[in-house]
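Residue numbers run from 1 in the order of the sequence given. Computed from a prediction, not measured in an experiment: that's the story for all the values here.
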Amino acid sequence: MSALACTHCGGSLPPSAATAPVTCSYCGTTSVPAPRVVERVVERIVVAAPPPSPGEARLRCPRCATGMPERPIGPGVAAGCTSCGGLWLDTAVVERLRAVHDGALEAELARPFGAVFVAGPTPNRHAAISCPVCGGPTRRLEIVDTIHGVDVCDAHGTWFDRHELRAFIEAETAARAGDVTPEDMQAAGVGGFFARLFRRGPRGG
């Protein structure tokens, strides 16, 4: 450490002058220590949300927000709600069900994801819901000749409330058999994806 000197006369100052005001014994000038420059280094830590642990639900039920267990099914993935009994199927699975009768796939879908405990009031099946994958809005499509409808995210999949998958499969089987014709769908004003199976229906409250 270098010697401290009075800024007025240059006389030596005691070591305490580095941290506190002192009076020079030679000329009587009071010296004040220079301000200390403290450099602070701040490290920014970004903490990412950890991936789901094994067995932890990745998706939430769009009706009751319960975590839904998933499993690979046929060409894609399905997730089932153990609270309200709803079922989420990704687009690949829905396309397979529309294209052909696949008994093995239908049997696998009938296998429960766990014990379903329905508690509280029945969810309003006509209420708008969001896609459990992207959180975007879904569109409501009524199943022809039934009281049922499904909620579709064009990018990720389709939501079936409890017991609606059976109505879906039966309607698709009828469509493939010719019971529901393209002319019927055209008369209902429907085209594009699900044109052979669905007609649009108003969303109730």
Assigning hydrophobic clusters by single linkage (Ile, Leu, Val, Met, Phe, Trp, Tyr; side-chain heavy-atom cutoff under 4.5 Å), is Leu87 placed with Val77? no

Heavy-atom pair with the smallest gap, counting every atom of Arg60 and Pro132: O-CB, 3.4 Å

Closest approach of Ala78 to Leu89 (non-hydrogen atoms, all atoms of both residues): CB-CD2, 3.4 Å

Ionic contact status for Asp151 with Arg139, cut-off 4.0 Å: no

What are the two closest heavy atoms between Thr82 and Thr66, and how far apart are they? OG1-CG2, 4.4 Å

Is there a side chain to side chain contact (heavy atoms under 4.5 Å, CB included) between Cys81 and Arg63 once you walk through the steps? CA-CA 9 Å; Cys81 179; Arg63 290 287 186 219; over 6 Å; no

Check step by step if side chain to side chain contact (heavy atoms under 4.5 Å, CB included) holds for Arg58 and Glu70. CA-CA 8 Å; Arg58 179 180 68 97; Glu70 298 176 72; 2.9 Å; yes

So Cys64 and Cys84, do their side chains get closer than 4.5 Å, heavy atoms only? yes

Side chain of Thr158, backbone of Val152: donor and acceptor closer than 3.5 Å? no

From OG1 (Thr146) to CZ (Arg166), nearest 0.5 Å: 13.5 Å

Within the 3.5 Å criterion, strictly below it, is a donor on Glu106 or His101 matched to an acceptor on the partner's side chain? yes

Nearest 0.5 Å, what's the CD1-NE2 distance between Ile143 and His148? 7.0 Å

Heavy-atom pair of closest approach, residues Leu97 and Arg176: O-NH1, 3.2 Å

Would you name the heavy atoms of Trp88 and Cys153 that are closest together and state the gap between them? CH2-CB, 4.1 Å

Evaluate the criterion side chain to side chain contact (heavy atoms under 4.5 Å, CB included) for residue pair Ile129 and Trp159; output intermediate values, then yes/no. CA-CA 9 Å; Ile129 63 173; Trp159 174 258; 3.6 Å; yes

Check whether any side-chain heavy atom of Cys61 lies under 4.5 Å from a side-chain heavy atom of Ser83, and answer yes or no. no

Arg162 and Glu164: CA distance, side-chain angles, deciding distance, salt bridge (charged side-chain N to carboxylate O under 4.0 Å, His left out) verdict: CA-CA 6 Å; Arg162 196 177 186 190; Glu164 287 180 347; over 6 Å; no

Where is the tightest heavy-atom contact between Pro112 and Arg71, given as atom of each residue plus distance? O-NH1, 3.4 Å

Atom pair OG1/NE2 of Thr138 and His156 - distance to nearest 0.5 Å: 13.0 Å

